[in-house]
Protein chains: 2
Amino acid sequence: MPVPKKSAAEKPGTPPRGPRSRIQKRNRQIILDAALEVFSTHGFRGATLDQIAAEAGLSKPNLLYYFDSKDAIHRDLLTRLLDTWLDPLRMLDAQGEPQAEIMAYMRRKLEMARDFPRESRLFANEILQGAPRIEQFIRNDLRQLVDEKAQLLADWSRTGRLAPVDPYHLIFSIWALTQHYADFAAQIGMIRGAGHDPLDGAEPFLEQLYTRLLAP
Amino acid sequence: MPVPKKSAAEKPGTPPRGPRSRIQKRNRQIILDAALEVFSTHGFRGATLDQIAAEAGLSKPNLLYYFDSKDAIHRDLLTRLLDTWLDPLRMLDAQGEPQAEIMAYMRRKLEMARDFPRESRLFANEILQGAPRIEQFIRNDLRQLVDEKAQLLADWSRTGRLAPVDPYHLIFSIWALTQHYADFAAQIGMIRGAGHDPLDGAEPFLEQLYTRLLAP
DNA sequence: TTGGTTCTTGACTGGATGGTCAAACTTGAT
DNA sequence: ATCAAGTTTGACCATCCAGTCAAGAACCAA
């Protein structure tokens with residue numbers, strides 16, 4: 001009577017589900033980092049597993065030991081991104097001073113463009129393709145949050161604490177301006193010259209722009 | 001002694017160079033239109049000739065009868081785009097009234113986002129990938145034009161006809177805001193709901209924004 | 001109608017690409 | 001040191017994809 005092995009993964013080739021080993025953690029992170037680099041510049045279909053493997057310094061079968069498929073890597077990246085993508089807007093505080101709150105929101109978004117340009121480009125690529133993989137996220141989570149904050153902005157305008165301004169376009173304008181510095185960094189860099197940080201002077205300009213717009 | 005044929009193209013399979021037949025003109029246009037649709041949503045590497053052929057309602061070999069390669073189609077699209085991409089900024093007139101000139105420039109860019117969203121996304125895709133195919137255009141033509149107009153804006157600011165404002169970031173902000181309505185139309189559409197034109201209300205908002213910024 | 005030219009396409013090729021697999025190597029608990 | 005589990009990879013496969021080719025269909029001037 002053969003003793004059933006207690007061991008092993010449920011499916012062959014599937015890494016253990018529970019707590020991951022040091023190696024698991026390290027290599028998953030290396031792969032995600034490499035994949036972010038490649039997906040964010042070439043888009044999903046334009047990226048290849050060989051490119052990602054080369055970037056990660058691992059073999060292609062090794063990649064597929066840690067992730068089930070190219071799609072799984074991409075899905076993982078997007079999921080992690082969306083988790084934090086909404087935070088800056090969530091922090092817009094109804095109890096705060098309207099102009100200061102909006103300025104702080106703009107500054108948080110600008111920081112994300114500075115610190116996570118690859119994530120920004122990954123997101124931009126997804127939207128350019130019509131957002132096929134994050135449609136539900138946008139229609140549900142993002143839309144609800146924007147509606148809620150737009151309501152808050154409208155209230156602020158109505159009570160005279162903020163200039164009368166279209167709240168949706170105000171939010172869109174912050175997205176447009178801050179993301180531009182990440183997504184179009186290549187263009188800005190080529191125009192401003194090599195020795196120039198693309199974001200130099202961006203914050204003062206945006207402060208000037210929104211200070212003038214928002215004063216009641 | 002065989003009489004040399006005067007006829008035929010220089011290379012077999014190469015369409016005639018000179019004046020194109022009706023069919024040539026029509027099919028080239030159909031192909032470019034289909035390719036614009038596909039390239040602008042999937043990027044160069046993410047697009048396939050089969051997709052373009054299906055979109056155009058032609059067979060793949062037929063595509064390659066009119067264009068030498070996938071690359072040639074893409075290059076043709078970019079070339080046509082760049083030809084007109086700079087016009088709105090070129091029209092910024094040193095003789096005009098500063099605020100009105102900038103407003104008119106913003107309006108021209110917004111019109112392009114409305115009328116040519118696919119071209120805008122084609123350009124965005126190219127920049128996201130690091131602008132490999134249009135680097136020379138950006139470093140030379142675009143950079144020179146921007147430097148020249150930034151100089152003009154700086155002069156306007158110095159002589160008090162315009163608020164003191166960073167001229168480069170002023171131009172970038174117009175690019176960012178207007179392109180956003182084309183490139184992120186999918187996102188805006190999902191947030192604002194189905195029955196909504198993404199560009200509704202954009203122009204009044206942008207006028208308000210720049211009116212407040214630019215007043216001396 | 002005729003005959004040369006232009007246009008169209010089914011069938012194909014070579015190389016890239018996502019993914020599989022079994023064998024080999026490494027690690028770490030005992 | 002031992003060995004079972006976890007990790008790595010060379011070789012391989014099926015499919016996709018850009019591009020070719022030769023033969024046939026449509027066009028048009030005489």
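As the structure is a prediction and not an experimental result, all values here were calculated from the model. In what follows, every chain begins at residue 1, and chains take the letters A, B, ... in the order their sequences are listed.
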Counterpart residues, side chain to side chain contact (heavy atoms under 4.5 Å, CB included), relative to B:Ser59 (two or more places apart) = B:Pro61, B:Asn62
task = Check the distance between C:dG19's C1' and A:Ile52's CD1 and give it to me in whole angstrom.
result = 14 Å
query = Is any side-chain N or O of B:Gln24 closer than 4.0 Å to OP1 or OP2 of C:dC7?
reply = yes
Residues in salt bridge (Lys or Arg N to Asp or Glu O under 4.0 Å) contact with B:Asp87, at least two apart in sequence or another chain = B:Arg90
Side-chain atoms of residues 72-80 of chain B: list all donor-acceptor pairs with protein atoms under 3.5 Å, sequence neighbours left out, distances to 0.1 Å.
| unit_1 | atom_1 | unit_2 | atom_2 | d |
| --- | --- | --- | --- | --- |
| B:Arg75 | NH1 | B:Asp71 | OD2 | 2.4 |
| B:Asp76 | OD1 | B:Arg80 | NE | 2.4 |
| B:Thr79 | OG1 | B:Arg75 | O | 2.7 |

What donor-acceptor contacts under 3.5 angstrom involve side-chain atoms of residues 177-188 of chain A, with partners at least two apart or in another chain?
| unit_1 | atom_1 | unit_2 | atom_2 | d |
| --- | --- | --- | --- | --- |
| A:Thr178 | OG1 | A:Ile174 | O | 2.7 |
| A:Thr178 | OG1 | A:Trp175 | O | 3.4 |
| A:Gln179 | NE2 | A:Ser120 | OG | 3.3 |
| A:Gln179 | NE2 | A:Asp183 | OD2 | 2.8 |
| A:Tyr181 | OH | B:His169 | ND1 | 2.5 |
| A:Asp183 | OD1 | A:Ser120 | OG | 2.8 |

Mind listing the side-chain donor-acceptor pairs of residues 106-114 of chain A below 3.5 Å, one per line with the distance, residues two or more places apart or on another chain?
| unit_1 | atom_1 | unit_2 | atom_2 | d |
| --- | --- | --- | --- | --- |
| A:Arg107 | NE | A:Glu207 | OE2 | 3.2 |
| A:Arg108 | NE | A:Pro88 | O | 3.3 |
| A:Arg108 | NH2 | A:Pro88 | O | 2.9 |

Where protein sits on nucleotides 8-19 of chain D, one letter per nucleotide: B base, S sugar-phosphate only, - none, heavy atoms under 4.0 Å = BBBB-----SBB
request  = Would you indicate, yes or no, if D:dC28 has its OP1 or OP2 atom less than 4.0 angstrom from a side-chain nitrogen or oxygen of B:Arg22?
outcome  = yes
